[in-house]
Amino acid sequence: MSDTNTKKVNKKTIISIVKVIAFLLALVVILQLLSKTFFAKERTGQYADTKYYYSMIYTNEKPDTIQVGLFGNSDLYSAFCPTGMFYQYGYTGTVVAAPRQTAAESYWYLNDFIQNQNPELVIFECDMLYKSVPDDFENGDYYKKKGMPVIPFLNDDSLKNKIERDYPVFLFHDRWKQYLIPILTKDEAYTHGYYFNKHVETAAQRSPYIEPNDKLEPIDEDEELYIRMACELCEDNGIEFMLMSVPSANTWSYSRHNAVQALCDELGIKFLDMSIEPEGLNINYKKDFRDEGNHLNYYGAKKTTEYAGKFIYENYNLTNNRYNEDYSQWIDDLNRLYEEKGVVESLHFKTMV
């Protein structure tokens with residue numbers, strides 16, 4: 001090949017490389033613009049009816065107003081009512097949870113959360129630490145009887161989570177639907193991440209897998225890693241960190257309790273396990289669940305919110321803002337919850353302090 005032809009080939013190669021680089025740079029700019037405008041996470045926390053709606057409601061909170069941040073999956077957002085805790089103890093809180101949310105996702109949400117909030121306490125709910133049915137369920141026989149698949153949830157790796165957090169367009173790419181179909185839009189920021197549901201479906205029974213034993217079911221390695229990272233992040237920012245398990249009749253076991261307790265002992269943090277029926281909780285397996293024992297309804301959530309609020313009150317020194325006029329909106333939010341969801345007087349939260 002002549003020198004002239006070689007120079008032409010080299011020139012074409014250079015031009016091709018420049019075009020590819022220019023395309024990639026333009027794509028990054030476009031993705032960044034879309035992620036900051038049309039697909040911004042703040043918009044999802046206000047209007048979009050997607051899987052991530054409740055996990056993004058925290059973006060509506062006023063900066064530096066949240067004392068307790070709670071992170072987990074659908075078990076958590078069904079079981080904890082932040083406005084109820086505020087009415088009883090004067091603590092502001094928000095739930096950051098979505099169906100099948102992982103500890104990895106919760107860690108990235110936490111990173112974003114503390115950019116605008118200065119929480120005194122962060123709580124991770126424990127159901128997300130396991131991606132399959134409990135070992136105690138004898139290889140999933142319980143789920144087979146229920147016609148449920150015994151398939152572990154797909155893992156979310158660190159890179160995927162980081163890309164989705166930096167470029168929300170990948171999380172909320174179907175946002176266009178809300179502009180074409182108005183029924184998909186809603187605004188429930190007043191719930192502060194709590195999913196209200198009064199439906200009653202009797203649990204098959206009190207879980208037979210929470211009887212005391214000495215077994216330990218290992219926590220998923222990836223999820224444990226992110227628990228440790230979240231704990232370190234909180235420690236670096238002067239935030240208390242704890243783990244919590246909400247009642248479940250079919251996804252928790254005592255061997256899981258033992259493993260989580262061992263991890264908490266190692267990390268030097270507290271663990272509130274409401275799945276093992278602590279004294280005074282009094283979960284009613286005929287009335288307090290909305291789907292045969294997996295998720296609590298409002299009747300059960302009222303009990304777990306009261307119990308967790310008391311635990312926080314007795315173990316952490318948080319400021320009571322119950323009578324602070326700057327936080328009067330929280331009482332308005334609770335009243336709106338009662339009004340719009342049809343909560344009868346007998347089911348209202350009672351002031352505790």
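Just so we're clear, the structure is a prediction, and the values are computed from it rather than from any experiment.
- Remark: R290 does not engage E201 in a salt bridge, criterion side-chain N to carboxylate O under 4.0 Å.
- For the residue pair S78 and A301, the shortest heavy atom distance occurs at O-CB, 3.4 Å.
- Q101 and S106 form a side-chain donor-acceptor contact under 3.5 Å, judged by distance and modelled atom types alone.
- Contact detail for I283 and G300: the closest heavy-atom pair is CD1-O, 4.4 Å.
- Between the side chains of R100 and S74, no donor-acceptor pair is found at a separation under 3.5 Å.
- Between the E188 side chain and the Y190 main chain, no donor and acceptor come within less than 3.5 Å of each other.
- When all heavy atoms of G72 and M128 are compared, the closest pair comes out as CA-SD, 3.8 Å.
- The backbone N or O of N213 sits less than 3.5 Å from a side-chain atom of N258, completing a donor-acceptor pair.
- Heavy-atom contacts from other residues, nucleotides or ligands closer than 6.0 Å to CD of E235 number 12 or fewer.
- In this structure, the side chains of E292 and T202 stay at 4.5 Å or more apart for every pair of heavy atoms.
- A donor-acceptor contact closer than 3.5 angstrom links the side chains of D273 and H257.
- Summarising the local packing, CG of D236 is surrounded by more than 12 heavy atoms from other residues, nucleotides or ligands at distances under 6.0 Å.
- Checked by atom type and distance alone, the side chain of D288 never pairs as donor or acceptor with a backbone atom of L296 at under 3.5 Å.
- A donor-acceptor distance shorter than 3.5 angstrom exists from the side chain of N324 to the backbone of D326, with no hydrogens or angles considered.
- Within a 6.0 Å radius of CD in E221, no more than 12 heavy atoms belonging to other residues, nucleotides or ligands are found.
- The side-chain heavy atoms of D332 and L334, taken from C-beta on, include no pair separated by under 4.5 Å.
- Using the six-membered ring where Trp is involved, W252 and Y130 have ring planes that are perpendicular, over 60° apart on the 30 and 60° scheme.
- Looking at heavy atoms from C-beta onward, K302 lies in side-chain contact with E306 at the 4.5 angstrom threshold.
- Remark: M229 CE to C234 SG distance equals 12.0 Å, nearest 0.5 Å.
- Residues L110 and V122 form a side-chain contact, since some pair of their non-hydrogen atoms from C-beta on lies under 4.5 Å apart.
- Between H192 and N60, every side-chain heavy-atom pair lies at or beyond the 4.5 Å cut-off.
- Here the shortest heavy-atom pairing between G93 and P82 reads O-CB, 3.1 Å.
- A donor-acceptor distance shorter than 3.5 angstrom exists from the side chain of K198 to the backbone of G342, with no hydrogens or angles considered.
- Remark: the backbone N or O of A79 is paired with a side-chain donor or acceptor of T304 at under 3.5 angstrom.
- For Y338 and E345, the side-chain atoms include no donor-acceptor pair closer than 3.5 Å.
- Here the shortest heavy-atom pairing between A262 and L216 reads CB-CD2, 4.3 Å.
- Judged by distance alone, with hydrogens and angles left aside, the side-chain atoms of T305 form a donor-acceptor pair with the main-chain N or O of C81 at under 3.5 Å.
- At a threshold of 4.5 Å between non-hydrogen side-chain atoms, the residues P119 and V68 do not count as touching.
- Between Y298 and Y194, the angle of the ring planes lies from 30° to 60°, which puts this pair in the tilted group.
- Distance alone, capped at 3.5 Å, places no donor-acceptor pair between the Q88 side chain and the M352 backbone.
- Counting heavy atoms of neighbouring residues, nucleotides and ligands inside a 6.0 Å radius, atom NZ of K350 exceeds 12 of them.
- Put simply, the side chain of I114 reaches to within 4.5 Å of the side chain of L233, judged on heavy atoms.
- Residues F311 and Y307 keep their aromatic ring centres 6.0 Å or farther apart.
- The six-membered or imidazole ring of F349 lies away from that of Y87, with a centre-to-centre distance of 6.0 Å or more.
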request  = Check the pair S245 / S275 against side chain to side chain donor-acceptor pair (under 3.5 Å), numbers first and verdict last.
outcome  = CA-CA 6 Å; S245 174; S275 282; 3.1 Å; yes

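- L318 and Y323 are members of different hydrophobic clusters when ILVMFWY side chains are connected at heavy-atom separations under 4.5 Å.
- I312 pairs with exactly one of N317, I123, L272 by the side-chain contact (heavy atoms from CB on, under 4.5 Å) rule, that one being I123.
- Judged purely by distance below 3.5 Å, without hydrogens or angles, the side chains of N335 and E339 never pair a donor atom with an acceptor atom.
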Trace of the side-chain contact (heavy atoms from CB on, under 4.5 Å) decision for F71 with Y107 = CA-CA 8 Å; F71 300 78; Y107 173 77; over 6 Å; no

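- The shortest non-hydrogen separation linking A97 to N73 is CB-O, 3.4 Å.
- Among residue pairs with one or both ends in residues 114-124, those qualifying as side-chain hydrogen bond (donor to acceptor under 3.5 Å, both in side chains) are Q67-E120; sequence neighbours excluded.
- One distance of note links CG of L129 with CD of E217; it measures 11.0 Å at 0.5 Å rounding.
- Counting heavy atoms from C-beta outward, Y77 and P99 have side chains that approach closer than 4.5 Å.
- Surrounding CG of D214 are at most 12 heavy atoms belonging to other residues, nucleotides or ligands under 6.0 Å away.
- Annotation for Y327: atom OH counts as buried by contact number, over 12 foreign heavy atoms lying within 6.0 Å.
- Ring centroid separation for the pair F124 and Y226 does not come in under the 6.0 Å cut-off.
- The pair E223-R228 does not count as a salt bridge, with every side-chain nitrogen at least 4.0 angstrom from each carboxylate oxygen.
- Cation-pi geometry between K270 and F241 is not satisfied (NZ or CZ under 6.0 Å from the ring centre, within 45° of the ring normal).
- Remark: the backbone N or O of T65 is paired with a side-chain donor or acceptor of T92 at under 3.5 angstrom.
- The backbone N or O of F196 lies less than 3.5 Å from no partner atom in the side chain of K341, so there is not a single donor-acceptor pair.
- Separation of the Y299 and F289 ring centroids does not fall under the 6.0 Å cut-off.
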